[in-house]
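Okay, structure first, notes after.
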Amino acid sequence: MVSSGSANDRARTVAEPPFIIQLAGYVLDFHQRNRCRRCGPDGWCPRVAMARAQLTVWRQRKQHAGGADATTEHPARGDGSA
């Protein structure tokens with residue numbers, strides 16, 4: 001019989017946000033410290049706008065589905081910062 005991992009491994013996998021949501025968090029984290037080539041002179045960036053939109057949709061879906069912590073804006077850090 002082949003084991004597919006421990007119960008803890010399976011539970012941790014289910015609790016993790018999708019990869020695209022993790023990447024959106026990393027985009028916000030990066031832009032808090034640096035600018036990318038698409039950042040405008042006023043500081044606005046289409047990548048940040050897209051990442052925030054993806055995170056907003058994710059939070060709304062979690063709230064609608066009764067997720068435990070749907071208020072976290074930044075899943076990569078989990079501290080609620082933008």
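Along the sequence shown, residues carry numbers from 1. Hydrogens, waters and symmetry mates are skipped; everything else that's a heavy atom, side chains included, is used.
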query: What's the spacing between Phe30 CZ and Cys45 SG if we round to 0.5 Å?
result: 9.0 Å
- request: Measure the spacing between CG of Asp29 and CG of Leu23 and express it to the nearest 0.5 Å.
  value: 12.0 Å
message: To the nearest 0.5 Å, what is the distance between CD1 on Ile21 and CD on Gln54?
response: 6.0 Å
task: Compare every heavy atom of Pro17 with every heavy atom of Gln22, then report the nearest pair and how far apart it is.
output: NE2-O, 3.1 Å
- prompt: How long is the span from the OG1 atom in Thr56 to the CZ atom in Arg61, to the nearest 0.5 Å?
  reply: 12.0 Å
query: Under a 4.5 Å side-chain heavy-atom rule over Ile, Leu, Val, Met, Phe, Trp and Tyr, are Val48 and Trp44 clustered together?
result: no
query: Roughly how far apart are Arg47 CZ and Arg52 CZ, rounded to 0.5 Å?
result: 15.5 Å
message: Working to the nearest 0.5 angstrom, can you tell me the gap between Arg38 CZ and Met50 CE?
response: 9.0 Å
- request: Would you confirm whether His64, through its side chain, and Gln60, through its main-chain N or O, come within 3.5 Å as a donor-acceptor pair?
  value: no
